[in-house]
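I have placed the structure first, in the form of structure tokens, so that the comments after it can refer back to it.
Lettering of chains follows the sequences in order, A, B, ..., and the numbering in each one begins at 1. Small disclaimer: the values here were computed from a predicted structure and weren't measured.
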Amino acid sequence: MNCQQTPGGLLVTGITDFSLPETLDCGQCFRWQRLESGAYRGSAYGKSLTVSMDEKGLLLQGAAEEDFQALWRSYFDLDLDYNKIRGALANKDPILKEAAAFAPGIRILNQEPFETLCSFIISQNNNIPRIKGIIERLCLLFERETGSADRFPTAEMLACRREEDLAPLRAGWRAAYLLDAAQKVAGGEIDLERIKALPMPEARAELMRIKGVGPKVAECVLLYGLHRLEAFPMDVWMKRAMATLFPEKSVLDFGPYAGIAQQYIFHYSRLHPELFR
DNA sequence: GCCCAGGTATAAA
DNA sequence: TTTATACATGGG
């Protein structure tokens, strides 16, 4: 991997197995916006970015090389060998191999844990366009406090609001869940960084102490927010896909990279709905 | 109007 | 432990 400043921005070369649309539009994050040009605009950890990719490499606009090294390199998970992982997963099952080959540029982002927790609380019994809308309104609601509508509010900021303060979000009953999550995180009752290092059963149990966090949301937070790649979110789509793809298996064990396998299968099944009836 | 959306809390069997 | 239902919004 190599970096150089160009007139268009910071150009990073030597990146393989990475696709912006496959990574940013596969249901793991909700705050990246696709521009007309095909570039994506978004932010994380207080930094904004416009990013695009072509045959020359990955182009970061509005980022210094220090930001790339200290943040975006890790955010986009560019140091993990996805080619190797995909190969290992492909050896487990031919259909998994096909699903992986369909979107080989998917990577699991290193998103902000609290934002991810809130995002997947909002995601329950909800559709992606509306999830995005609620999160956008949440960032706007706290714009004055955070200093930018690009930033996600902290747990402390959210924790000192009341449910009626969140009415502008139009999040329905999920507003109360968001407050409970914020209060537990801000109060130290839930320590996301500690959960990140906990054995999976304990990590799941900790997260599920938050109101509105059940097995599915907990698994999503572990995978997408805490980068526990062995986590395996199981929703109705995945259940159907698994029943179709692996009818003989009752218990599935894809090993330490199950979450990546899940993401390949989820993406594949969403874009080939006719195969999963 | 009706159905559904990357579910969960709650009560009842 | 498993199953049924309500839950608020809004887009198709």
From C/dC7, B/dG6, B/dT8, nucleotide with atom closest to A/Ile128 side chain: B/dG6
Taking for each residue the nucleotide of DNA chain C with the nearest heavy atom, is it A/Tyr177 or A/Pro129 whose nucleotide lies nearer the 5' end? A/Tyr177
What does A/Arg174 touch in the nucleic acid at a heavy-atom separation under 4.0 angstrom: a base, only the sugar-phosphate, or nothing? base
Both A/Gly212 and A/Ile131 contact DNA chain B. Taking the nearest nucleotide for each, which residue is further toward the 5' end? A/Ile131
Please give, in whole Å, the distance from B/dG6 C1' to A/Phe232 CZ? 13 Å
How would you label the contact of A/Arg170 with the nucleic acid (heavy atoms, under 4.0 Å): base, sugar-phosphate, or nothing? sugar-phosphate
Measure from CD1 on A/Ile134 to P on B/dA5 and round the result to the nearest Å. 16 Å
Are there over 12 heavy-atom neighbours, none belonging to A/Glu156, within less than 6.0 Å of that residue's CD? yes
Taking atom P of C/dT9 as reference, at what distance in whole Å does atom CG of A/Leu169 sit? 11 Å
P gap between C/dG10 and B/dT8, integer Å: 22 Å
Heavy-atom count check: over 12 atoms from other residues, nucleotides or ligands less than 6.0 Å from A/Lys56 NZ? no
Which is true for A/Glu219 with a 4.0 Å heavy-atom rule: it touches a base, it touches only sugar-phosphate, or it touches nothing? nothing
Do A/Phe102 and A/Tyr264 have ring centroids that are under 6.0 Å from one another? no
Considering only atom P, compute the distance from C/dA6 to B/dC3 and round it to an integer number of Å. 14 Å
Expressed in angstrom and rounded to an integer, what is the separation of A/Ile121 atom CD1 from C/dA8 atom P? 17 Å
A/Pro215 has a side chain; which of B/dA5, B/dT8, B/dG6 sits nearest to it? B/dT8
So what does A/Gly27 touch, heavy atoms closer than 4.0 Å: a base, only the sugar-phosphate, or nothing? base
I'd like to check, for A/Phe266, whether its ring lies over the base of B/dG6 with centroids under 5.5 Å apart and a plane angle smaller than 30°. yes
Are more than 12 heavy atoms, taken from residues, nucleotides or ligands other than A/Glu136, located less than 6.0 Å from that residue's CD atom? no
Cationic tip of A/Arg161 within the cone over A/Phe142's six-membered ring, i.e. under 6.0 Å and within 45° of the normal? yes
Rounded to whole Å, CD1 of A/Ile108 lies from C1' of B/dG6 at a distance of 14 Å
Among C/dA8, B/dG6, B/dT8, the one nearest any side-chain atom of A/Val217 is B/dT8
State which of B/dG6, B/dT8, C/dC7 makes the closest approach to the side chain of A/Asn125. C/dC7
What is the distance from CD of A/Glu163 to C1' of C/dC7, rounded to the nearest Å? 12 Å
Tell me the interatomic distance from A/Trp173, atom CH2, to C/dG10, atom C1', rounded to whole angstroms. 12 Å
With a 3.5 Å cut-off and heavy atoms only, can you find an N or O donor on one side and an acceptor on the other between the side chain of A/Tyr224 and the base of B/dG6? yes
OP1, OP2 of B/dA5 versus side-chain N and O of A/Arg130: anything below 4.0 Å? no
Please report, rounded to the nearest Å, how far the P atom of C/dC7 is from the CD atom of A/Gln124. 15 Å
Determine the interatomic distance between P on C/dT5 and the same-named atom on B/dC4; round to the nearest Å. 15 Å
Judged by modelled atom types alone, do A/Glu98 and A/Tyr268 share a side-chain donor-acceptor pair under 3.5 Å? yes
Any donor-acceptor pair under 3.5 Å between the side chain of A/Asn126 and the base of C/dA8? no
Mapping A/Met208 and A/Gln263 to their closest nucleotides on DNA chain B, which lands nearer the 5' end? A/Gln263
